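Working notes, beginning with the structure itself.
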Number of protein chains: 2
Amino acid sequence: MLSIGDLSKRTGVKVPTIRYYEQMGLIAAAERSEGNQRRYERSDLERLAFIRHARNLGLDIPAIRELIALSQHPSEPCANADRIAADHLAAVREKIERLRKLEHELERIVSQCDGGHSIEDCYVIRALSDHGLCESEH
Amino acid sequence: MLSIGDLSKRTGVKVPTIRYYEQMGLIAAAERSEGNQRRYERSDLERLAFIRHARNLGLDIPAIRELIALSQHPSEPCANADRIAADHLAAVREKIERLRKLEHELERIVSQCDGGHSIEDCYVIRALSDHGLCESEH
DNA sequence: GATAATTGCTACAGTCACTAGAGCTTCAAG
DNA sequence: CTTGAAGCTCTAGTGACTGTAGCAATTATC
């Protein structure tokens with residue numbers, strides 16, 4: 001039986017975050033000791049590792065909840081799990097695309113300004129004031 | 001003199017967002033009509049366009065506040081403006097890096113699962129359960 | 001000029017995934 | 001048996017808005 005602190009140390013998930021996941025319904029409400037403290041088993045360790053891993057990959061809590069629900073029906077088809085991951089991948093790719101454009105624009109703006117003159121002539125400020133100086137929409 | 005709705009239509013910034021920017025000190029509190037409604041001038045249009053442009057580039061509100069303050073001292077050196085933009089560019093690049101790694105890992109996970117079998121054998125679920133199946137740390 | 005539709009006002013709650021703090025109780029070690 | 005660490009609940013704060021409620025003012029139509 002592990003205390004919440006033990007579970008935290010073993011999974012790298014902070015104590016308040018574990019309680020938060022319980023509140024969000026990602027992990028079952030733990031058994032309690034006589035003094036009302038949470039006591040965990042090995043299976044909670046695995047569950048929490050699953051959650052942490054999914055969060056590290058950027059999945060949000062509803063998606064994780066759904067994946068957990070799915071994982072509890074081993075004989076069901078896995079199309080839904082596949083879809084969740086694929087949708088997330090698509091979202092990640094969109095974010096990258098968007099950030100790439102920003103990177104481009106910022107690169108261009110920064111490269112025209114070496115910080116060695118006055119605000120009056122500063123390309124950073126001018127570019128922000130006048131969208132016409134931009135190459136792409138954003 | 002423009003109403004807040006006019007200003008909104010002309011800049012593409014939503015009405016509540018304009019009020020929010022006022023509250024955050026990005027735009028001066030507007031003059032009011034007899035009936036206590038905000039009335040704006042041409043200069044507010046420009047200011048708001050500046051803010052919107054900076055937000056579109058991903059700059060946060062404290063950064064924008066600083067840029068606005070800088071822009072009001074035209075003869076000061078522009079090193080600070082340059083630094084804000086360069087720092088932001090660096091942050092964008094870091095985000096892209098991180099998302100690239102996620103993309104890679106998700107790609108790998110998704111490609112091993114065609115959605116045509118059962119949860120039991122689902123690579124998406126297995127990969128989330130077992131970090132050892134991952135190629136990189138995350 | 002009356003009425004109706006739109007727009008505006010303030011203030012507060014909600015978003016997401018936590019994180020921090022207050023004020024208290026329980027536990028483990030010496 | 002005492003002390004300090006760890007645990008408990010509850011509330012509020014993060015960032016940049018967005019949505020809602022309940023009004024007041026303005027504009028358009030008749």
Side-chain angles (χ1 to χ4, degrees), chain A residues 1-27 29-40 44 47-48 50-68 84 87-88 91-92 95 98 102 138, chain B residues 1-27 29-40 44 47-48 50-68 84 87-88 91-92 95 98 102 138:
Chain A
M1 289 303 232
L2 304 166
S3 71
I4 197 168
D6 296 336
L7 190 62
S8 171
K9 267 168 222 148
R10 295 230 204 176
T11 58
V13 178
K14 288 181 188 155
V15 168
T17 305
I18 297 173
R19 290 196 276 248
Y20 172 74
Y21 287 158
E22 180 184 311
Q23 211 186 328
M24 291 299 102
L26 295 189
I27 51 185
E31 290 174 52
R32 299 296 181 112
S33 71
E34 282 184 20
N36 196 36
Q37 300 193 352
R38 290 169 178 81
R39 293 292 174 254
Y40 294 95
D44 295 306
R47 165 69 63 92
L48 199 49
F50 181 99
I51 295 167
R52 191 173 99 106
H53 194 181
R55 283 293 301 132
N56 283 344
L57 286 169
L59 289 156
D60 63 16
I61 281 175
I64 296 173
R65 218 190 324 255
E66 202 175 338
L67 286 170
I68 288 172
I84 290 170
D87 285 357
H88 183 56
V92 166
K95 264 190 204 159
R98 206 182 122 65
L102 287 191
H138 45 245
Chain B
M1 288 305 233
L2 303 165
S3 72
I4 197 168
D6 295 335
L7 191 62
S8 170
K9 266 168 222 148
R10 295 230 203 176
T11 58
V13 178
K14 289 181 188 152
V15 169
T17 305
I18 296 174
R19 289 197 276 248
Y20 172 74
Y21 287 159
E22 179 184 313
Q23 211 185 327
M24 291 298 102
L26 295 188
I27 51 185
E31 288 174 55
R32 300 296 180 114
S33 72
E34 281 184 21
N36 197 35
Q37 300 193 352
R38 290 169 179 82
R39 292 294 174 253
Y40 295 95
D44 295 305
R47 164 70 63 92
L48 199 49
F50 181 99
I51 294 167
R52 191 172 98 106
H53 194 180
R55 283 293 302 132
N56 283 343
L57 286 169
L59 289 156
D60 63 15
I61 282 174
I64 296 172
R65 218 191 323 255
E66 202 176 337
L67 285 171
I68 289 172
I84 289 170
D87 285 357
H88 183 55
V92 167
K95 265 190 202 157
R98 206 182 123 65
L102 287 190
H138 43 247

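Just so it is clear: chains get the letters A, B, ... in the order the sequence lines come, proteins before strands, and each one is counted from 1. All heavy atoms count here, side chains included; hydrogens, waters and symmetry mates do not. Note that the structure is a prediction, hence the values are computed from the model and not measured.
Between B:Leu2 atom CG and D:dT26 atom C1' there is a gap of 16 Å when expressed in whole angstrom units. Here C:dC27 presents its P atom at 7 Å from CD of A:Glu34, a figure rounded to the nearest Å. Summarising the geometry, the separation between NZ on A:Lys95 and P on C:dC16 is reported as 13 Å, rounded to the nearest angstrom. A straight line from OH of A:Tyr40 to C1' of D:dC8 spans 12 Å, rounded to a whole angstrom. The NE2 atom of B:His88 sits 14 Å away from the C1' atom of D:dG15 (whole-angstrom rounding). Computed from coordinates, the A:Asp6 CG to D:dG7 C1' distance equals 12 Å when rounded to whole Å. Here C:dC16 presents its C1' atom at 13 Å from CG of A:Leu26, a figure rounded to the nearest Å. One can place CE of A:Met24 at 9 Å from C1' of C:dA17, the figure rounded to the nearest angstrom.
In this structure, A:Arg38 does not reach the D:dG7 phosphate: none of its side-chain N or O atoms is under 4.0 Å from OP1 or OP2. An OP1 or OP2 oxygen of D:dA6 is reached within less than 4.0 angstrom by no side-chain nitrogen or oxygen of A:Ser3. Listed pair A:Ser33 / C:dT26 fails the phosphate criterion, with no side-chain N or O lying under 4.0 Å from OP1 or OP2. Between A:Arg39 and the phosphate of D:dC8, there is no side-chain N or O to OP1/OP2 separation shorter than 4.0 Å.
In the region residues 16-23 of chain A, proximity to DNA chain D at under 4.0 angstrom, judged on heavy atoms, holds for A:Arg19. Taken residue by residue, residues 51-68 of chain B places no heavy atom nearer than 4.0 Å to DNA chain C.
Distance check: B:Arg39 CZ to B:Asn36 CG gives 10.0 Å after rounding to the nearest 0.5 Å. One finds the OH atom of A:Tyr21 at 9.5 Å from the CZ atom of A:Arg52 (value rounded to the nearest 0.5 Å).
Counting heavy atoms from C-beta outward, A:Ile51 and A:Ile68 have side chains that approach closer than 4.5 Å.
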Item to complete: Evaluate the side chain to side chain contact (heavy atoms under 4.5 Å, CB included) criterion for residues A:Lys95 and B:Lys95: first the C-alpha distance (whole Å), next the side-chain angles of each, then the deciding distance (0.1 Å), finally the verdict.
Response: CA-CA 10 Å; A:Lys95 264 190 204 159; B:Lys95 265 190 202 157; over 6 Å; no
Practice prompt. Show your reasoning for whether side chain to side chain contact (heavy atoms under 4.5 Å, CB included) applies to A:Arg32 and A:Gln37.
Written response: CA-CA 5 Å; A:Arg32 299 296 181 112; A:Gln37 300 193 352; over 6 Å; no
Discussion item. Using the rule given for side chain to side chain contact (heavy atoms under 4.5 Å, CB included), can you reason through B:Leu67 versus B:Phe50, listing the C-alpha separation, both sets of side-chain angles and the distance that settles it, and then say yes or no?
Written reply: CA-CA 10 Å; B:Leu67 285 171; B:Phe50 181 99; 4.1 Å; yes
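Each of A:Asp44, A:Ile27, A:Leu26 was checked for a side chain to side chain contact (heavy atoms under 4.5 Å, CB included) with A:Ile18, and the lone residue meeting it is A:Ile27.
The main-chain N or O of A:Ile84 is never found under 3.5 Å from a side-chain atom of A:Asp87 such that the two would form a donor-acceptor pair.
DNA chain C is contacted by both B:Gln37 and A:Asn36; B:Gln37 maps to the nucleotide lying nearer its 5′ end (nearest heavy atom per residue).
Taking the ring pair (Phe, Tyr, Trp, His ring centres under 6.0 Å) definition, one finds that B:His88 meets it with nothing, sequence neighbours left out.
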